[in-house]
Undergrad: 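This is the structure I want to talk about, given as structure tokens.
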There are 2 protein chains.
Amino acid sequence: MREAAPGPQRRATRADVARRAGVSDAVVTYTLNGGAPVARATAERVLQAVADLGYQPNQAARALKSGSAHTLGLILPDGPDPVFENPFFTEFANAVEAAARRRGYALYMTPTPPDQTSVVTRLNDFATRQVDGVLVVPGEGSLDPDVLDRIGIPWLQLNTVHEQVGVDSIGADLLGGAVLATEHLIAHGHRQVAFVGEIDEREPRYRGWLATCERLGVERGPALPSEYNRQSGYAAGLEIAAMDRPPAAVFAASDLIALGVLRALHERGVSVPDDVALVSFDGSWEAEYSWPALTSVRQPIEEMAEASVAAILDRTAPDERRHRMFRGELVLRASCGVHRPA
Amino acid sequence: MREAAPGPQRRATRADVARRAGVSDAVVTYTLNGGAPVARATAERVLQAVADLGYQPNQAARALKSGSAHTLGLILPDGPDPVFENPFFTEFANAVEAAARRRGYALYMTPTPPDQTSVVTRLNDFATRQVDGVLVVPGEGSLDPDVLDRIGIPWLQLNTVHEQVGVDSIGADLLGGAVLATEHLIAHGHRQVAFVGEIDEREPRYRGWLATCERLGVERGPALPSEYNRQSGYAAGLEIAAMDRPPAAVFAASDLIALGVLRALHERGVSVPDDVALVSFDGSWEAEYSWPALTSVRQPIEEMAEASVAAILDRTAPDERRHRMFRGELVLRASCGVHRPA
DNA sequence: TTGAAAGCGCTAACAT
DNA sequence: ATGTTAGCGCTTTCAA
């Protein structure tokens, strides 16, 4: 319990402002939110009263009445690996928060087990709080769009690998990025490029690597399976180091994987980029201060975050929902080897 | 549960539940929130109705009425360096969110310029949203507790370096940690230990290093100034590498600084730990996958996060406000050199 | 251009 | 043990 003793406890309400300005509360709303014309002189009195009282609208009341809390939700996959351990997600979350705030929206950011039930539960909780829209970063499992739609709260999928019809989603051009990375390695003169990541015909980064090797007539190095984390990349790196004839070039499907690979190679005395040239994907902060710094396909995070917020706030009709794809760019650093101009 | 209701547009309200259970809304509140005894049979009918309707209380209404949104706020310093670039903050934020959720609270997490005005503005915004309490991670500037108190929303300071009377705060035992780190370096046999970090008589990490060198009669190596980021640590590392007689042991005041130092030493061909042994502070995720992995004083992040949430939720009287200090532990990895038993 | 008034969904004091 | 009711602070018809 807090006593009203010390500071100016009770916050001014609309009624206080109205009284001080000598108008009704409706007029206060009109001058503050628009919705009806207000005489210039009246508006000035109201604004003055607002300033005098330091009035700030109670958002809870506003949310109750209008159904909007001026808040967005961000659901991140809470798996065995803490999401925030991944600098890519961290950076993305940060950018989303900034984009939301720029538009006057607050953000609930919460790691959630990525299974359908948990996501539905969280979405319902958000609905209960009058959250205006939710950005969902999917984890392993797949979500049934119809079930999520039925909750009645606008949502949009981030970090999308496989687009689906009828689903609003945002994602980087994974395939294009993989092509960029692989081509770059080949431009360095390597005649063989290996891959570390998810090995699946449907995975765009895998496909991009595969297609590029074939297209440019380069030997496809071994494809080593890895989850998107450091530990798994480390294991793959150990395998590479143990090979009789390690591949001279490696494309890793994420920065985290590359960091793990790097660690393993260091431990085994394999030099990057001299023995093995490495290019990764994401272009997150951590990639810049690794040793050597990683050449990586940078996802346009700010741009995607901005687009996410924009898309969720002016949600279109169901039949206009679509996937929005963003092209990444190759950031040249040291891990791919000294860059020699073509 | 593929066959749920065909498009539950309107969410069920308390009135709907009451009607279905054949009671008044008050009884629904009583059985859900307690506050009055309810006959067993009645309660069961209510619960059944709740289940049937999939009723979930509207949190906005609840917030308006009760003044509590069941939400906490977390203010992180938004400086020239993005906060989330610092894995320590990232990890802390993550732990706080988890701790809050465990108690049924949601979290607003928002980077804010750390000056007084910006923080006050943000605190006011939180107040209008009926946020129950705010955790503030201070940046460079100092905040006037009285001004913040006057806003009327409970707050608590995290990541505290200098405790203040009358302020609820949480922080690691920085001095103790520095002692641990320095002692460890000395135990490795080094007769000189350098410091990289904030050079200020009031900074506990600096003081801990200083005091330990003196106490153990070891030569105090050069103290190099650095802000808490990678770039600044990198600059310091370059200086170290350029010295005629580089110090054989270095204590870096944060992981980020150490990562920068590491990068610079790598570039200059100075080996860690062979030429320079390095111990840092924080023990964040990134420190584990650097090369070499960093020996670091790990802050008990989960414990501190848990304590923060607990402290803010059962806020005590002003005269009981206090600082809560948490002891870190030294995590041995590779950067300090091969560990040889005493 | 402005005001009166009816709620939004929930809580809790008071009455029964 | 249960019901009635008066708001919380705001938005929004509908009237004036």
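Each chain gets a letter, A, B and so on, in the order the sequences are listed, and its residues count up from 1. Only heavy atoms go into these numbers, but all of them, side chains included; no hydrogens, no water, no symmetry mates.
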Undergrad: Just jot down the side chain to side chain donor-acceptor pair (under 3.5 Å) partners of B/R324, sequence neighbours excluded, or say none.
TA: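 Per chain and number, B/R324 pairs via side chain to side chain donor-acceptor pair (under 3.5 Å) with B/D168.
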
Undergrad: Write out all pairs satisfying ring pair (Phe, Tyr, Trp, His ring centres under 6.0 Å) with one or both partners inside residues 27-63 of chain A, taking only residues at least two apart or from two chains.
TA: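 Checked against ring pair (Phe, Tyr, Trp, His ring centres under 6.0 Å) - neighbours excluded - no pair reaches residues 27-63 of chain A.
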
Undergrad: For the helix from C/dT1-D/dA16 to C/dT16-D/dA1, what angle lies between the axis at the first five pairs and the axis at the last five pairs, to 10 degrees?
TA: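 Helix axis angle between the two ends: 40°.
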
Undergrad: Given salt bridge (charged side-chain N to carboxylate O under 4.0 Å, His left out), test B/R101 with A/D125 step by step and report yes or no.
TA: CA-CA 12 Å; B/R101 188 140 39 87; A/D125 175 61; over 6 Å; no

Undergrad: Within less than 4.0 Å of OP1 or OP2 of D/dT2, is there a side-chain N or O belonging to B/T42?
TA: yes

Undergrad: Round to the nearest Å and state the distance from B/R45 atom CZ to D/dA1 atom P.
TA: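 One finds 14 Å between P of D/dA1 and CZ of B/R45, rounded.
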
Undergrad: Say whether B/R129 and B/T71, considering side chains only, have a donor N or O and an acceptor N or O under 3.5 Å apart.
TA: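 B/R129 vs B/T71: no donor-acceptor pair found between side chains.
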
Undergrad: Between A/H70 and A/Y105, how do the two ring planes meet: parallel, tilted or perpendicular, split at 30° and 60°?
TA: tilted

Undergrad: Pick one: which of B/V50, B/V23, B/V38 meets side-chain contact (heavy atoms from CB on, under 4.5 Å) with B/T31?
TA: B/V38

Undergrad: Name the nucleic acid region contacted by A/V28, choosing base, sugar-phosphate or nothing; use a 4.0 angstrom heavy-atom cut-off, strictly under.
TA: nothing

Undergrad: Tell me the interatomic distance from B/R19, atom CZ, to D/dG3, atom P, rounded to whole angstroms.
TA: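 Result: 14 Å.
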
Undergrad: If the sugar-phosphate is the primed atoms plus P, OP1 and OP2 and the base is the rest, what is the B/S/- string for nucleotides 8-16 of chain D, using protein heavy atoms under 4.0 Å?
TA: BBBBBB---

Undergrad: What pairs with B/N86 under side-chain contact (heavy atoms from CB on, under 4.5 Å), at least two apart in sequence or on another chain?
TA: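 For B/N86 the side-chain contact (heavy atoms from CB on, under 4.5 Å) partners, ignoring immediate neighbours, are B/F88, B/F89, B/L256.
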
Undergrad: Go through the structure and list residues passing side-chain contact (heavy atoms from CB on, under 4.5 Å) with B/D16, not counting sequence neighbours.
TA: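 Testing B/D16 for side-chain contact (heavy atoms from CB on, under 4.5 Å), a comparison that skips the adjacent residues, returns B/R10, B/A12, B/T13, B/R19, B/L53.
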
